[in-house]
Amino acid sequence: MKGDMDPGDLDELCSHVNSKISLIKKTLQLRNIGQDPSLNSVLSKIAFEMHSLYNLLNNLETEVQRQETIANSLRELQATVERDFTEASHLKENIPPHLPKRTQSSSAPDEAPEMVVKVAAPEPAKKPSKEKPIKEMELITVHEFGTVPAYMKNRLTYEQINNIIEELNKAVVGKYKILHQPLKSLSNQARKQLSRYKEEETKDTKGQFFIVDQDIKDFTQVKVDKRFHGMLSILRHCHRLREIRGKGLVRYIIC
């Protein structure tokens, strides 16, 4: 028959009814206990303990959350330290060739250097030279490069700036070697250059070492373009050169 109930459904229904009956019995028992004056103190104590237990669980949850926050912070710190260590190791293994090196004394700081007196043979008197040694720009340090504003650096690197310093020094040396040579020893091309050098000098450049854009083109492969002038801004910021303008020329004075 279609109306007959499945035995499994009947067992489930009986179990449900029995659980409801059991719940009602327990409710009636608790009600009777609550009406018993002799048990009021016990119930009050249970209620107090339950409240204390609730507060303890709240505090425990708060502490767990705090410990999770600390653990996350420690993981982030560990990742930062590992990243910094990797970068430091890379820098140590790839020290830029232009990085100025600190000179170290051969004597230990706690030991007095051994005094050795040597008697040198008298040298023949040399005629004092009237020529000043050619002044070149010093390479910038990592610290100095770090002081350059980000907008000025753009994408330029520390190595690129020191490379341009070396190229500009080539132009300075090339120019002043011609200026220091006797006129008779100069080629026709060098004499033309010498004539231009004399025309470019002013009262403001007297006693100074300077070059112009044409010198850079003559003695180096550097392109005098917008990127080049961006590098010059950094060199001015680091006090490696300054500019004097006049007669349609920009003169780069070596500092």
Side-chain angles (χ1 to χ4, degrees), residues 15-16 19 22-23 26-27 30 33-34 39-113 136-169 222-223 225-242 255:
S15 176
H16 178 70
S19 64
S22 177
L23 180 61
K26 290 180 180 179
T27 303
L30 291 175
I33 292 174
L39 298 176
N40 284 340
S41 60
V42 176
L43 292 175
S44 297
K45 185 176 180 180
I46 293 174
F48 177 77
E49 294 294 340
M50 291 293 294
H51 181 72
S52 299
L53 182 59
Y54 177 77
N55 290 335
L56 181 61
L57 289 174
N58 283 339
N59 293 337
L60 181 60
E61 183 179 359
T62 302
E63 180 63 20
V64 169
Q65 292 176 351
R66 190 179 73 86
Q67 293 295 338
E68 289 179 350
T69 301
I70 293 175
N72 291 334
S73 299
L74 290 175
R75 280 191 289 268
E76 293 176 0
L77 179 60
Q78 181 182 5
T80 301
V81 170
E82 290 177 351
R83 183 175 63 251
D84 291 345
F85 178 78
T86 302
E87 292 177 357
S89 299
H90 176 74
L91 289 175
K92 182 180 179 181
E93 296 172 358
N94 299 273
I95 297 177
H98 305 301
L99 183 67
K101 297 181 179 180
R102 180 182 299 176
T103 58
Q104 296 181 350
S105 174
S106 58
S107 303
D110 297 333
E111 298 177 359
E136 300 181 40
M137 283 184 284
E138 295 181 357
L139 300 177
I140 66 170
T141 64
V142 174
H143 174 73
E144 286 177 306
F145 188 71
T147 65
V148 178
Y151 76 89
M152 193 177 293
K153 290 180 186 176
N154 199 0
R155 295 183 179 180
L156 296 172
T157 65
Y158 170 78
E159 290 80 7
Q160 289 173 330
I161 299 304
N162 275 333
N163 284 338
I164 201 67
I165 288 178
E166 290 185 336
E167 292 298 314
L168 294 179
N169 283 339
V222 174
K223 293 183 179 180
D225 53 14
K226 183 177 179 181
R227 183 170 179 269
F228 169 75
H229 288 289
M231 293 182 177
L232 293 186
S233 298
I234 295 178
L235 297 184
R236 288 195 300 270
H237 176 82
C238 294
H239 306 292
R240 291 302 188 271
L241 57 77
R242 58 189 178 89
C255 297

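Atom CG of residue N169 and atom CE of residue M137 lie 5.0 Å apart, to the nearest 0.5 angstrom. In this structure, T157 OG1 and N163 CG are separated by 7.5 Å, a value rounded to the nearest 0.5 Å. Taken to the nearest 0.5 Å, the CG atom of L156 stands 9.5 Å off from the OG atom of S233. In this structure, CG in L168 is found 9.5 Å from CE in M231, a value given to the nearest 0.5 Å. Annotation: the span from R155 atom CZ to R227 atom CZ amounts to 11.0 Å, rounded to 0.5 Å. Note that CG of N58 and CD of E61 are 6.5 Å apart. Values are rounded to the nearest 0.5 Å.
One N or O on the side chain of R240 and one on the backbone of C238 form a donor-acceptor pair closer than 3.5 Å.
A cation-pi arrangement is absent between K153 and Y158, since the terminal nitrogen or guanidinium carbon is not both under 6.0 Å from the aromatic centre and inside a 45° cone about the axis.
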| said: Under the criterion side chain to side chain contact (heavy atoms under 4.5 Å, CB included), I'd like the reasoning laid out for V81 against D84: C-alpha separation, chi angles, the key distance, then a yes or no. | reply: CA-CA 5 Å; V81 170; D84 291 345; 5.7 Å; no
| task | Under the side chain to side chain contact (heavy atoms under 4.5 Å, CB included) rule, what do N55 and H51 come out as? Steps first, then yes or no, please. | result | CA-CA 6 Å; N55 290 335; H51 181 72; 3.3 Å; yes
| request: Carefully, step by step, assess L53 and E49 under the rule side chain to side chain contact (heavy atoms under 4.5 Å, CB included). | output: CA-CA 6 Å; L53 182 59; E49 294 294 340; over 6 Å; no
| request: Under the side chain to side chain contact (heavy atoms under 4.5 Å, CB included) rule, what do L235 and I164 come out as? Steps first, then yes or no, please. | output: CA-CA 9 Å; L235 297 184; I164 201 67; 4.2 Å; yes
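T80 has its side chain within reach of R83: a pair of non-hydrogen atoms, C-beta onward, lies under 4.5 Å apart.
Scanning for salt bridge (Lys or Arg N to Asp or Glu O under 4.0 Å) contacts around R242 gives an empty result, with sequence neighbours left out.
In the displayed structure, E138 atom CD is contacted under 6.0 Å by at most 12 heavy atoms of other residues, nucleotides or ligands. In the displayed structure, H229 atom NE2 is contacted under 6.0 Å by more than 12 heavy atoms of other residues, nucleotides or ligands.
Contact detail for E166 and L139: the closest heavy-atom pair is CG-CD2, 4.0 Å. The two residues I140 and E144 have their closest heavy-atom pair at CA-OE1, 3.4 Å.
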